[in-house]
Amino acid sequence: MPVDWDKARTLAYEAGRAAAGPGQAVALREADGRTLAEPLVARTDLPAFPTASIDGWAVRGSAPWRPVGRVLAGNTPPPLTQDGTCVEIATGAMVPDGAEALVRVEESARDAEGRVSGTPRPQPEWRLPGEEARRGEELLPAGTPVDPAVLGMAATCGHDTISVRPQPRAALLVFGDELLTSGPPGGGRVRDSLSPLVPAWLRRHGASVDPAAVQGPVRDTLEAHVDAIRQGLAVADVVCTTGGTMHGPVDHLHPALSSLGAEYVVNTVAVRPGFPMLLARVAGPDGRPRFLAGLPGNPQSAVIALVSLVAPLLAGLHGRELPVLPRVELTAPVPGRGAYTHLALAALDADGRRATPLGHAGSAMLRGLARAHGFVVVRPDRQAAAGELVSFLPLPLAPGERIA
């Protein structure tokens, strides 16, 4: 019996989370896009010393002040020990011991003898040690995705490396003797659209995909399927296949999984489009679990299987939380699909709050998908009316891309 779509997402995520690899220390320059395996902890107070937030003068005692030196960022200044003295100070420089206030350069004046006068502002104009964080304080928890801001935070508090989860490796096997790898379709054969499509979205979901790990078309024989899957499992944590998920005369995926001793995590999901799809667990050459995601051969159905099963699996392998689906307002009604969850292609407005269903949404079509931001989710035995708030399953955006 097909598994409920929400339950299938959860099962895929839990399988990935249980198989997530141990943390590994990597240099900051290599950590972008990974996930913290351990909390990020401050190695020192932040800031580590009192730091000037202006260009001006560090003064002691009452005005006027006699300059006795200059402090630039990166230097350790001697203390100010005499009243009526000051040092010129630059933004980011260490405030000397004994300084009582800072005076902004634009709010100061110098007399004929070079002495400085001015009025300090009521609030101190330097950052105190520990103002942002204390040594040993947890700044970010394990499971936090690493982005440029996290990298900057890690560097600021003294880290040269951070502990992150391994990046899942993915492979793609395209099944089907009817597929062409170049040129226009014709003569009973169709163009393979999934070899360029699936790896790109796998990468957007955080997997690494070596071009050599994309193979196909794989011949429609059981032996060829088993050999190709074994090769994929040798180089990848997640092997995606396209086509062959039914039980027709040239659908060899299920027999291949049986011969490999695979265990189903999910075997068919109650979702339309996207039926049938599957996720299986297979022992890898090193004994660690690997996964095979069987995506349907129709392009839009393959994408729905990818975002329904593979995306949650990768989130688990990364050690991240399963993303909570946002809610959007429908601009038009969306029909239900009986006992199945309906994932309907939709485009979002500029603020991402309203979704408009799209046409050209057939299982074999890509025209609507190319304009979509994701899918509105209509649960089983329901239909959604215009103005209704529904869950939205987003497609991963390209780096730097925004909804428009």
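Numbers here simply count residues along the sequence, with the first being 1.
Inspection of the Arg320 and Thr35 side chains reveals an N or O donor paired with an N or O acceptor under 3.5 Å.
Under the 3.5 Å distance criterion, the side-chain polar atoms of Arg272 are left unmatched by any main-chain donor or acceptor of Arg337. Between the side chain of Ser301 and the backbone N or O of Gly274 there is at least one donor-acceptor pair closer than 3.5 Å. Under a 3.5 Å cut-off, the side chain of His318 and the backbone N or O of Arg17 do not form any donor-acceptor pair. Counting only distance, with no hydrogens or angles, the side chain of Ser108 and the backbone of Val105 share a donor-acceptor pair below 3.5 Å. Without hydrogens or angle criteria, Asp4 side chain to Lys7 main chain gives a donor-acceptor distance under 3.5 Å. Under a 3.5 Å cut-off, the side chain of Arg165 and the backbone N or O of Leu317 do not form any donor-acceptor pair. Judged purely by atom type and a 3.5 angstrom limit, Asn267 has no side-chain atom pairing as donor or acceptor with the backbone of Leu278.
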Apply the test salt bridge (charged side-chain N to carboxylate O under 4.0 Å, His left out) to residues Asp45 and Arg135: give CA-CA distance (whole Å), side-chain angles for both, the deciding distance (0.1 Å), then the verdict.
CA-CA 5 Å; Asp45 288 347; Arg135 179 180 180 180; over 6 Å; no
Audit row: Glu88, Trp57, side chain to side chain contact (heavy atoms under 4.5 Å, CB included) steps and yes/no
CA-CA 5 Å; Glu88 188 178 5; Trp57 306 92; 3.7 Å; yes
Can you check side chain to side chain contact (heavy atoms under 4.5 Å, CB included) on Thr245 and Leu295, steps first, answer last?
CA-CA 7 Å; Thr245 54; Leu295 316 181; over 6 Å; no
Can I get a per-line list of side-chain donor-acceptor pairs under 3.5 Å for residues 378-386, giving both atom names and the distance, sequence neighbours left out?
unit_1	atom_1	unit_2	atom_2	d
Arg379	NE	Asp6	OD2	3.1
Arg379	NH1	Ser391	OG	3.1
Arg379	NH2	Asp6	OD1	2.7
Arg379	NH2	Asp6	OD2	3.3
Arg382	NH2	Glu388	OE2	2.7

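Ring-plane geometry between His254 and Tyr264 is classed as tilted, the angle between the planes lying from 30 to 60 degrees on a 0 to 90 degree scale.
Rounded to the nearest 0.5 Å, atoms OG1 (Thr144) and CZ (Arg34) are 15.0 Å apart. With rounding to the nearest 0.5 Å, the separation of CD in Gln82 from CZ in Arg60 is 8.5 Å.
Sorted by first and then second residue, the pairs that involve residues 304-313 and meet side-chain hydrogen bond (donor to acceptor under 3.5 Å, both in side chains), not counting sequence neighbours, are Trp5-Ser308.
Checking each of Leu80, Val103, Asp83 against Trp65 for a side chain to side chain contact (heavy atoms under 4.5 Å, CB included) leaves exactly one that passes, namely Val103.
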